[in-house]
**Q** 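So that we are looking at the same thing, I have put the structure below in structure tokens.
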There are 2 protein chains.
Amino acid sequence: MPNQSRPGTGEQARRLALGQLREAILRGEMVPAQRLVENELAERFGVTRASIRAALIELESQGLVERIRNRGSRVRVVTVEEAVAITECRLVLEGLCAAKAATAATDEQLTELTRLGTAMRKAVADGEPLTYSELNHELHVRIREFSGQQTAVALLERLNAQLVRHRFQLALRPGRPQQSLNEHLAMIEAIVARDPQAAEAAVRAHLTSVIEALRD
Amino acid sequence: MPNQSRPGTGEQARRLALGQLREAILRGEMVPAQRLVENELAERFGVTRASIRAALIELESQGLVERIRNRGSRVRVVTVEEAVAITECRLVLEGLCAAKAATAATDEQLTELTRLGTAMRKAVADGEPLTYSELNHELHVRIREFSGQQTAVALLERLNAQLVRHRFQLALRPGRPQQSLNEHLAMIEAIVARDPQAAEAAVRAHLTSVIEALRD
DNA sequence: GCCGACAAAATTGTCAACAATTTCGTTCGC
DNA sequence: GCGAACGAAATTGTTGACAATTTTGTCGGC
């Protein structure tokens, strides 16, 4: 096995193109609705057009780009209504994960959730929205991870990728961290108490509040 | 616009290959875990390998086939545990759709649900499991459709495609239609009564029962 | 001055050949 | 007789060129 250890070296062109293009879109380097010309991308990433095509097809079914027959690809624009609909799906799926995590997580994993909770509290108290946003994301990822629900996790990652832009906008809103913090602490408390129903309810309450915040 | 009217005539090779291959897998023509050699598929469908590759990439991200670097593609085998996990996701997502449908559906759409309910009752009474299975599927599709939740619908279609084999197995089980019928009628009743919470609960109850049935 | 047809440019879709990788059968050494 | 190394066959990954389609700019007619 020649190149298993260091991803990026002998990685196949298609995977490389997919990763780079995906990163570029998620980092916001591509303006929404910007045209993605296969030749330009191929030259930019140093791979052939076929690899770009393969990557675009995959990104299309992940909902990150839009492709029209013989007319090319664009980065998909997520309207506010779509963002709400996506978050509603997140609401039920993360609720499922939280309920499962409440029964399936190990004690060590529960202490990690508690640790994250105190860190978040501190970040808000210190007035560091950036740190808080990161911890926020990590908390959601951990809960999913501890649930052991691979199918739900895969769906959620796809959904979240479509929301990066809106998430960014939301994190910087003043006053939002304070409200969000309490909801997150309630989620943690319910999971640590191993109460599936309360955990699901807490997640739903939190994401309902996110939906309301999105609608401005 | 030369060929907009009749899909299939001037359809591009990739779309054609994608559709045919997808159909073949869903119809069960491809045995689970069967190897899918690109050259064979290309010859069989009368398209080039590039089109087959594109179709395989798309089917991979839909969860219908599995691809391993330099080792080829196989139709993905869905274990019972995976089928359960997938159905748990369906449970929450269809619950969401049912709740939305209870408030968003038009009166005409509600009468259609009622019509479907009586048809299902008749099919069970007449002992026609095939007809019942079809109506069952149509009911779920309609509820999703009436919810107007495009994101959830897209996710559910993907999940359902992975379950065809298990669904088939389940439909032929004796005694199952009778139990399933009551649950379906409860779903319809709740939606027609425009009660979102009851609708979600009814859908959850139904799919919980499906999960139990899957575990044999 | 405006509308439609026409032609050229840009872009995507398709194809066949070539390179790299893996797998499987064989052979050599012990 | 058994295990490891070697090599041939099969299969996937990649490349560049070619064909089909759409878009854009231009010209002539009204």
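Protein chains get the first letters and strands the later ones, always in sequence-line order, with residue 1 at the start of each. Quick note: numbers below take in every heavy atom, side chains included, and nothing from hydrogens, waters or symmetry partners. Bear in mind that the values here come from a model prediction, so they are computed numbers and not experimental data.
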**Q** The criterion is salt bridge (Lys or Arg N to Asp or Glu O under 4.0 Å); which residues satisfy it with A:Arg194, sequence neighbours excluded?
**A** A:Asp107

**Q** Taking side-chain hydrogen bond (donor to acceptor under 3.5 Å, both in side chains) as the definition, give me every residue that meets it alongside B:Asn70, ordered by chain and number, with sequence neighbours left out.
**A** A:Gln12

**Q** Taking only the side-chain nitrogens and oxygens of A:Thr48, find out if one of them lies under 4.0 Å from OP1 or OP2 of D:dT14.
**A**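 No, A:Thr48 has no side-chain N/O under 4.0 Å of OP1/OP2 on D:dT14.
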
**Q** Taking salt bridge (Lys or Arg N to Asp or Glu O under 4.0 Å) as the definition, give me every residue that meets it alongside A:Arg44, ordered by chain and number, with sequence neighbours left out.
**A**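 By the salt bridge (Lys or Arg N to Asp or Glu O under 4.0 Å) rule, A:Arg44 matches A:Glu29.
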
**Q** Using a heavy-atom distance cut-off of less than 4.0 Å, which residues of residues 18-25 of chain A contact DNA chain C?
**A**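 Close to the strand, none.
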
**Q** Over how many whole Å does the gap from A:Ile52 atom CD1 to D:dT15 atom C1' extend?
**A** 14 Å

**Q** Please determine whether the number of non-hydrogen atoms from other residues, nucleotides or ligands lying under 6.0 Å from atom CD of A:Gln150 exceeds 12.
**A** no

**Q** Which atom pairs, one a donor and one an acceptor, fall under 3.5 Å between side chains of residues 85-102 of chain B and the rest of the protein, sequence neighbours left out?
**A**
from, atom 1, to, atom 2, distance (Å)
B:Thr87, OG1, B:Ala83, O, 2.7
B:Glu88, OE1, A:Gln149, NE2, 2.8
B:Glu88, OE2, A:Lys100, NZ, 2.8
B:Arg90, NE, B:Glu94, OE2, 3.2
B:Arg90, NH2, B:Glu94, OE2, 3.1
B:Glu94, OE1, B:His140, ND1, 2.8
B:Lys100, NZ, A:Glu88, OE2, 2.8

**Q** With sequence neighbours left out, write down each residue that passes side-chain hydrogen bond (donor to acceptor under 3.5 Å, both in side chains) with B:Arg53, or none if nothing qualifies.
**A**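 For B:Arg53 the side-chain hydrogen bond (donor to acceptor under 3.5 Å, both in side chains) partners, ignoring immediate neighbours, are B:Glu38.
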
**Q** Using a cut-off of under 3.5 Å, enumerate the N/O to N/O pairs linking the protein to nucleotides 10-13 of chain C.
**A**
from, atom 1, to, atom 2, distance (Å)
C:dT12, OP1, A:Leu36, O, 3.4
C:dT12, OP2, A:Glu38, N, 3.2
C:dG13, OP2, A:Arg53, NH1, 2.5
C:dG13, OP2, A:Arg53, NH2, 3.3
C:dG13, N7, A:Arg49, NH2, 3.2
C:dG13, O6, A:Arg49, NH2, 2.7

**Q** Check the distance between C:dT14's C1' and A:Ile57's CD1 and give it to me in whole angstrom.
**A** 12 Å

**Q** Show me the donor-acceptor pairs, under 3.5 Å and distance only, between side chains in residues 206-216 of chain A and residues at least two apart or in other chains.
**A**
from, atom 1, to, atom 2, distance (Å)
A:His206, ND1, A:Glu183, OE1, 2.6
A:His206, NE2, A:His184, NE2, 3.0
A:Thr208, OG1, A:Arg204, O, 2.6
A:Ser209, OG, A:Arg176, NH1, 3.4
A:Ser209, OG, A:Arg176, NH2, 3.1
A:Ser209, OG, A:Glu183, OE1, 3.3
A:Ser209, OG, A:Glu183, OE2, 3.0
A:Asp216, OD2, A:Arg173, NH1, 3.1

**Q** State which residues pass salt bridge (Lys or Arg N to Asp or Glu O under 4.0 Å) with B:Arg115; sequence neighbours excluded, sorted by chain then number.
**A**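 Salt bridge (Lys or Arg N to Asp or Glu O under 4.0 Å) check on B:Arg115 returns B:Glu112.
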
